[in-house]
Structure formats: structure tokens, C-alpha cells
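All residue numbers in this chain count up from 1 along the given sequence.
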Amino acid sequence: MNSLEKYDVQMRPNEQFDGAIRWYSPLERPFQVSGLAWFAQERKYRRLPTSPTKAIPKAVDHMANHPAGGQIRFQSNSSSLSVRVKLRDKANMTHMPATGQCGIDCYVSAPDTFAPLKYVNTTKYDATLTEYESALYTDWEPAMRNLVLNLPLYQGVEEVWIGLDENSTVIAPPGYASGKKVIIYGTSVTQGGCASRPGMAYPNILSRRIPLEFINLGFSGNGKGEPEVAEVISQIDEPACLVVDYEGNCVSTELFRETLPEFIRIYREAHPLTPILVVSRIRYAREELTPHLYQMRTERKQFEQALVNELREQGDLNIYFFDGSKSLGGEDFFECTVDGSHPTDLGFLRMADAFEPVLKTLLL
């Protein structure tokens, strides 16, 4: 035990529950794993297929093992909830806490409805470990609840086990409003860097506000609009909307001018009527000190706007542009990041607030 944990018990890892537990695999019914488009076929906590039809960049393939946006959904009347997790590696990020990189957090609501989910707890554990067990709650009233567990944002997950009271009931979660999926393709910001816990990544926040399945395809530093990736994404069935938000990863404005039209063209061939929302990137806090960053962002935003307008004039009335530069708020936007570019929980909350009315207009 380190000195801080010695003097403040709230800083200690979650204790293991010592009551009678039955351990369940989320791979089995009635548990539902959502947010991972290929999970039903492959039974892996992974965001892309293990053998895609087109070779994808090695870095994207690696990042696909991070199950950002993956959720384990079920209902139970258990008075306790614990998880056992086996990670691919230990927590190792320099400016993102282990609770966000490798942790699981829990939300709860009334059963059989899409009533507002309320945050309960996050797995706090010894971050030097690759396997841990953590109690998320104990000694609750044994009443039926709807439960959602958000999976780690920046670490691979080999196994998850759900621990519930030995004699409790487990049933399937409420169904979504439809089988359609909101797909968000983008950068480290989309993936969830640097949220303090998984539920605070903005796609996960939006999934609690809009009763549809959300697919997080943010690839940290490596969502660059590659045509091979566009083809893989176009294979996801029942899309409700595609959000394209990878400007922050583009190597140059010139390359962005090449990749974005082709990315849209490939997706449009497979899904001619699906709404596409093209999003310009958030502002960086250091833009005032490095004017070329502001200039590049302005140039790229103007290009995105012009491209969307051109495609609409050509007859594609289901493509839209959203100015993401205002999504961190007004003059205090620089208070919303960890390092000038990756949002804190406050930043992600503001992003979700900005996206929500736009997506609801397109989807509902």
C-alpha cells in the first residue's frame, strides 16, 4: 500500500466482494455486447474483423483491439456486481488514467426502459496488473435493474467475467429503438483520449442520450481516411448515420483533399442514402501561440464545407457538414483538454452537448 492509500481509504483499489458469487461470461445469453460491429460473428472484444477483406494499416489493426465504445448490457436483480478482467497489457499511458485506459465503468437505470442511465462506479485496481477483480457495488436492494458496463478505451481485453449474487436473476437488456447503428469514424478524440473513465468518451455519452447502438471507430493517431478502412466500415450493416471526423489525423491539407472525397465515395457506393455527417476538428489550445495550426484548421474546415456543398449540389442531399471547432465551448474552451488537444471529461461532455441536437435531427 502506498502512502496516499494509507492515509485516504478512498484512494485504495476497489475491494473484492467476499459474498457468494456466480461468474457469468458476457459471451453467453442473456448478456448483450454492443458497440463492436463484428462481435456477433467473432466473439472477440475487437472493433474490426480479425481478417478484413482488404489489408488495413498495421497501426489501425492494433488499435482495433482496444474495445472503445464496447458495452456489456443486461438486467439483473443482484445486490452486488463485480467484474474480472484480463487485459492484453498493463496501463502504460502518460497522460490518461488507468481507469480510462483499462477500466470498466457501470451505469444503471430502471428496468425494461431507456430511462436515463446513472453512473455508479469504475474499476479501481493496481495499475501494474494485467488481470484484476473489482466490485462495482455491493449490498444494494435486490431489485431488477438495467445495467451497462463500458469497456476500456485504450487497452486490449482478452476476457471479462461478470460476478452476480449466486441466486440472482439475469435477463436480456431493453431493445434498441431499431437495429440501426450510429458509426463514428475518427481520431484519438473519438476513441476516448483522454477520458478519466470509459463512459465519458463522447460516443458513450451520446449512446446514453440516443436509443441506438453506437460504433466507435476512432483510431488514435491512425484514422487517416484510408480507402481500405472505408471499405471495411462500409460492411457494417444497418447504418443509421456515419460521422466522419478524422481531420485531426490527416497528415497534410493536400492529402486530406485526396482522402476525404474518396472515403465518402467508397462509403456512398455501399450506402447511397445513409446520412453522412462530415465534422471539422476541435480547436487546439495552442493555436493562439502557433498561428499555423489555426491557419491549417481554417483551410481544412473550408475544404470540408465546400466538398459537402458540392456533393449536395450534385444531388447527394443526405450529406451534411458540422463545424466541430465550437464543440468545446466558447472563450474558455482551452480549459477542456489535458494537453491542449485531447479533451478532459468536461471537454467530452461539451462535445456530446454539441453533437446531440445535430444527430437527433438526422436520426429521430
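- The closest side-chain donor-acceptor pair between Ser80 and Tyr137, if any, does not fall under 3.5 angstrom.
- The distance from atom OG1 of Thr253 to atom CD of Glu247, rounded to the nearest 0.5 Å, is 8.0 Å.
- Heavy atoms of other residues, nucleotides or ligands lying less than 6.0 angstrom from OH of Tyr294 number 12 at most.
- Without hydrogens or angle criteria, Asn77 side chain to Ala143 main chain gives no donor-acceptor distance under 3.5 Å.
- The CG atom of Leu117 sits 6.0 Å away from atom CG of Asn146, with the distance rounded to the nearest 0.5 Å.
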Quiz item: Would Glu159 and Arg84 count as a salt bridge (Lys or Arg N to Asp or Glu O under 4.0 Å) if you check the C-alpha gap in whole Å, the side-chain angles of each, and the deciding distance to 0.1 Å?
Solution: CA-CA 8 Å; Glu159 295 179 10; Arg84 283 178 178 167; over 6 Å; no

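- Phe263 has its ring centre less than 6.0 Å from the ring centre of Tyr185.
- Neither side chain, Glu231 nor Gln235, offers a donor N or O lying under 3.5 Å from an acceptor on the other.
- With a 4.5 Å cut-off between side-chain heavy atoms of Ile, Leu, Val, Met, Phe, Trp and Tyr, the cluster of Val338 takes in none.
- For the residue pair Asp105 and Thr122, no side-chain donor N or O sits within less than 3.5 Å of a side-chain acceptor on the partner.
- Looking at Asp245 and Thr187, their side chains never come closer than 4.5 Å, going by heavy atoms from C-beta outward.
- Residues Asp126 and Tyr132 fail the side-chain proximity criterion, which asks for heavy atoms closer than 4.5 Å.
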Exercise. With side chain to side chain donor-acceptor pair (under 3.5 Å) as the test, would you mind laying out the steps for Gln155 and Asp89 before giving the verdict?
Key: CA-CA 7 Å; Gln155 186 54 268; Asp89 202 351; 4.9 Å; no

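- Within the structure, side-chain hydrogen bond (donor to acceptor under 3.5 Å, both in side chains) contacts touching residues 348-364 (residues at least two apart or in different chains) are Arg209-Asp353, Arg209-Glu356, Asp332-Arg350, Glu356-Lys360.
- Glu331 has no carboxylate O lying under 4.0 Å from a charged side-chain N of Arg283, or vice versa, which leaves the two without a salt bridge.
- The backbone N or O of Ile104 sits less than 3.5 Å from a side-chain atom of Thr123, completing a donor-acceptor pair.
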Practice problem: Evaluate side chain to side chain contact (heavy atoms under 4.5 Å, CB included) for Leu362 paired with Asn318, printing each intermediate quantity in order. | Solution: CA-CA 9 Å; Leu362 295 179; Asn318 287 319; over 6 Å; no

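- Inter-residue side-chain proximity for Val60 and Glu226 is flagged as met; some heavy-atom pair is nearer than 4.5 Å.
- Classification of Arg265 and Glu269 as a salt-bridged pair holds, one side-chain N sitting under 4.0 Å from a carboxylate O.
- When side chains are defined from C-beta on, Tyr176 does not count as touching Lys181, because their heavy atoms never get closer than 4.5 Å.
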Exercise. List the steps and the verdict of side chain to side chain donor-acceptor pair (under 3.5 Å) for Gln71 and Asn150.
Key: CA-CA 5 Å; Gln71 298 177 341; Asn150 293 292; 3.1 Å; yes

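- Side chains of Asn216 and Gln191: a donor-acceptor N/O pair is absent below 3.5 angstrom, by distance only.
- Summarising the geometry, atom CG belonging to Leu81 is positioned 10.5 Å from atom OG1 belonging to Thr138; distances are rounded to the nearest 0.5 Å.
- Leu206 places a side-chain heavy atom less than 4.5 Å from the side chain of Phe214.
- Inspection of the Thr290 and Tyr284 side chains reveals no N or O donor paired with an N or O acceptor under 3.5 Å.
- Side-chain contact check for Glu141 and Ser79: no donor-acceptor pair (N or O, by modelled atom type) lies under 3.5 Å.
- In this model, a donor atom of one side chain and an acceptor atom of the other lie less than 3.5 Å apart for Arg208 and Tyr107.
- At most 12 heavy atoms of other shown residues, nucleotides or ligands fall within 6.0 angstrom of atom CD in Glu288.
- Residues His271 and Leu242 are not in side-chain contact: their nearest non-hydrogen atoms beyond the backbone lie 4.5 Å or more apart.
- Ion pairing between a basic and an acidic side chain is recognised when a charged N comes within 4.0 Å of a carboxylate O; Lys301 and Asp323 show such pairing.
- Put simply, the side chain of Arg268 gets close to the backbone of Thr274: a donor and an acceptor are under 3.5 Å apart.
- Side-chain atoms of Ser34 and Phe39, non-hydrogen and from C-beta on, never get closer than 4.5 Å to each other.
- Between Asp61 and Arg46, at least one side-chain nitrogen of the basic residue sits less than 4.0 Å from a carboxylate oxygen of the acidic one, meeting the salt-bridge criterion.
- In this structure, the separation between SG on Cys102 and CG on Leu153 is 9.5 Å, given to the nearest 0.5 Å.
- Using the six-membered ring where Trp is involved, His342 and His95 have ring planes that are perpendicular, over 60° apart on the 30 and 60° scheme.
- A salt bridge links Arg88 with Glu158: the closest approach of a Lys/Arg side-chain nitrogen to an acidic carboxylate oxygen falls below 4.0 angstrom.
- A salt bridge does not link Arg22 to Asp165: none of the charged side-chain nitrogens sits closer than 4.0 Å to a carboxylate oxygen.
- Using a 3.5 Å distance cut-off with no hydrogens or angles, the side chains of Ser196 and Asp345 do pair a donor with an acceptor.
- Contact annotation: the side chain of Phe114 never approaches that of Ser109 to less than 4.5 Å [non-hydrogen atoms, C-beta and beyond].
- For Tyr246 and Phe256, the gap between ring centers is short of 6.0 Å.
- Ring to ring, Phe355 and Phe322 are close: their centroids are under 6.0 angstrom apart.
- For Arg312 and Phe321, the positive end is not near the middle of the six-membered ring at less than 6.0 Å and at most 45° from its axis.
- Cluster partners of Ile171, using a side-chain heavy-atom cutoff of under 4.5 Å among ILVMFWY residues and allowing indirect links, are Met144.
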